[in-house]
Number of protein chains: 2
Amino acid sequence: MLKETGIEGLSLRKLAEKTGVSRTAPYHHFKDKNQLLCAIAEQGFKHWQHNAEKIFNQTDLSLKEKYHQFFLGYIRYAADNPELYDLMFGRTIWKQNKATQNLRDVAYPSFNYQVQMTQDWQQQGLLPKGENTLRLSQVTWGTMHGIARLLIDGIYADQTHIDEMCECAVNLFTQGFSEVTDAI
Amino acid sequence: MLKETGIEGLSLRKLAEKTGVSRTAPYHHFKDKNQLLCAIAEQGFKHWQHNAEKIFNQTDLSLKEKYHQFFLGYIRYAADNPELYDLMFGRTIWKQNKATQNLRDVAYPSFNYQVQMTQDWQQQGLLPKGENTLRLSQVTWGTMHGIARLLIDGIYADQTHIDEMCECAVNLFTQGFSEVTDAI
DNA sequence: ATTACTATCTTGACACTGTCAACATAAGTT
DNA sequence: AACTTATGTTGACAGTGTCAAGATAGTAAT
């Protein structure tokens with residue numbers, strides 16, 4: 001239903017009706033509409049985490065290629081699941097602290113994972129060592145997030161640009177990376 | 001009211017009541033709630049455009065500093081007017097083509113302006129010349145947009161990081177820029 | 001086996017929303 | 001003076017999230 005009608009169109013009543021159950025039945029499983037949304041977002045995070053690890057565990061790729069795949073994978077995941085992505089990283093949940101504790105427990109490690117990865121990439125020379133790790137990961141993630149949002153909301157970019165945009169971004173970030181280390 | 005209650009909390013009825021007028025009065029000035037939102041967003045674009053030009057017309061700054069100011073100005077504008085920014089670049093309007101023609105006429109030139117600037121920066125050597133201009137401006141704008149959104153939605157970044165994040169981003173993008181040209 | 005409890009579902013009701021239709025009134029134009 | 005337009009009004013409808021009170025069935029405890 002999220003995929004069909006979008007996050008705004010998702011109504012508890014219609015959802016209940018579609019399930020063949022009365023309007024207030026969902027309230028015995030979720031305190032709130034918000035809690036339902038948080039639960040869905042939670043699943044999204046787990047799914048994405050699984051997805052990311054699969055990319056990182058590919059052994060037949062160079063460091064830069066792996067980063068490229070990660071970047072591309074992130075954008076594709078967002079583009080393929082626009083409504084879910086909006087739920088996971090959108091204001092509906094995060095604005096004004098509406099996120100469930102459960103959701104936080106899944107989301108925050110996912111954020112930290114990103115910082116950890118950035119640190120590794122810096123140490124391996126893929127990303128500039130001079131920059132503060134936290135800032136750098138905020139910026140690089142910000143870039144992925146921003147591109148994802150532009151795509152999802154249909155502003156100024158569309159699906160056919162994905163590959164080229166990602167390549168451009170990765171080039172920018174890894175400018176100083178010497179390809180020699182690839183060969184080792 | 002947008003600033004107080006946010007974009008979701010803005011209701012036509014409350015707005016009318018606050019203005020001391022009946023519920024359906026607004027409908028004689030705007031066809032829709034959507035049209036009202038578009039009109040507000042339109043003002044936002046004009047305001048921002050004005051803001052951006054003011055930054056570009058500063059003559060006492062080096063090229064890189066000017067870019068830095070632009071970047072910072074964008075993020076600050078978003079952080080200072082979170083609800084307005086959300087309206088201007090959020091899914092409420094753009095998702096599924098709900099934007100008014102009037103809004104489009106103001107917004108699209110604003111997008112093009114960004115591309116034009118990117119081209120200039122490339123020619124002046126501030127940004128990498130090798131990259132496709134459109135892709136590059138999508139990526140750089142994506143970065144600004146993404147950071148803005150993370151800030152606004154309170155994910156993974158907060159207001160105290162603004163300056164450092166912008167500096168980090170500008171450093172990344174202008175890596176190959178020789179400072180010599182600054183002195184000329 | 002009876003009792004108590006808990007999980008689940010139900011209908012009724014409330015306040016809120018955007019929006020339409022029908023009607024009123026005042027201002028300006030012909 | 002008559003007509004048109006801009007602007008306002010109340011009434012009504014369908015939709016929403018959510019609470020309260022009651023129904024039913026399955027499980028655990030005595």
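Here the structure is a predicted model, which is why all the values come from computation and not from measurement. Worth knowing before you read on, the calculation uses all heavy atoms, side chains too, and leaves out hydrogens, waters and symmetry mates.
- Side-chain contact annotation: B/Thr160 with B/Asp158, donor-acceptor N/O pair under 3.5 Å present.
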### Message
Could you go through A/Met117 and A/Phe70, starting from their C-alpha distance and side-chain angles, then the distance that decides it, and tell me whether this counts as side-chain contact (heavy atoms from CB on, under 4.5 Å)?
### Response
CA-CA 11 Å; A/Met117 284 296 116; A/Phe70 173 69; 6.0 Å; no

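- Defined by atom type and a distance below 3.5 Å, a donor-acceptor pair is present between the side-chain atoms of A/Tyr85 and A/His145.
- Rounded to whole Å, atom P of C/dT17 lies 12 Å from atom NZ of B/Lys18.
- Rounded to whole angstrom, the span from the CD atom of B/Glu17 across to the P atom of C/dG18 amounts to 12 Å.
- B/Leu12 has its CG atom 16 Å from the C1' atom of D/dG15, to the nearest Å.
- For the pair A/Leu15 CG and D/dG15 P, the interatomic distance rounds to 16 Å; values are reported in whole Å.
- Atom CG of B/Leu10 is separated from atom C1' of C/dT17 by 12 Å (rounded to the nearest Å).
- Ring centers of A/Phe45 and A/Phe89: under 6.0 Å apart, within the cut-off.
- Residue A/Arg13 is the one, among A/Arg13 and B/Asp32, whose nearest nucleotide of DNA chain C lies closer to the 5' end (criterion: closest heavy atom).
- Nucleotide D/dT16 holds its C1' atom 15 Å from the CG atom of A/Leu36, rounded to whole Å.
- For the OP1/OP2 pair of D/dT16 and a distance below 4.0 Å, the side-chain nitrogens and oxygens of A/Lys14 include at least one atom meeting the criterion.
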### Summary
Per-nt protein contacts along nucleotides 7-12 of chain C (heavy atom under 4.0 Å; B base, S backbone sugar-phosphate only, - none) come out as -BBBBB

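- In this model, no donor atom of one side chain and acceptor atom of the other lie less than 3.5 Å apart for A/Arg104 and A/Gln101.
- Under the 6.0 Å cut-off for aromatic ring centres, B/Trp141 and B/Phe111 qualify, their centroids lying closer than that.
- Going from atom NZ of B/Lys33 over to atom P of C/dC16 covers 15 Å, rounded to whole Å.
- Following rounding to the nearest Å, B/Leu37 (CG) and C/dT19 (P) show an atom-to-atom distance of 10 Å.
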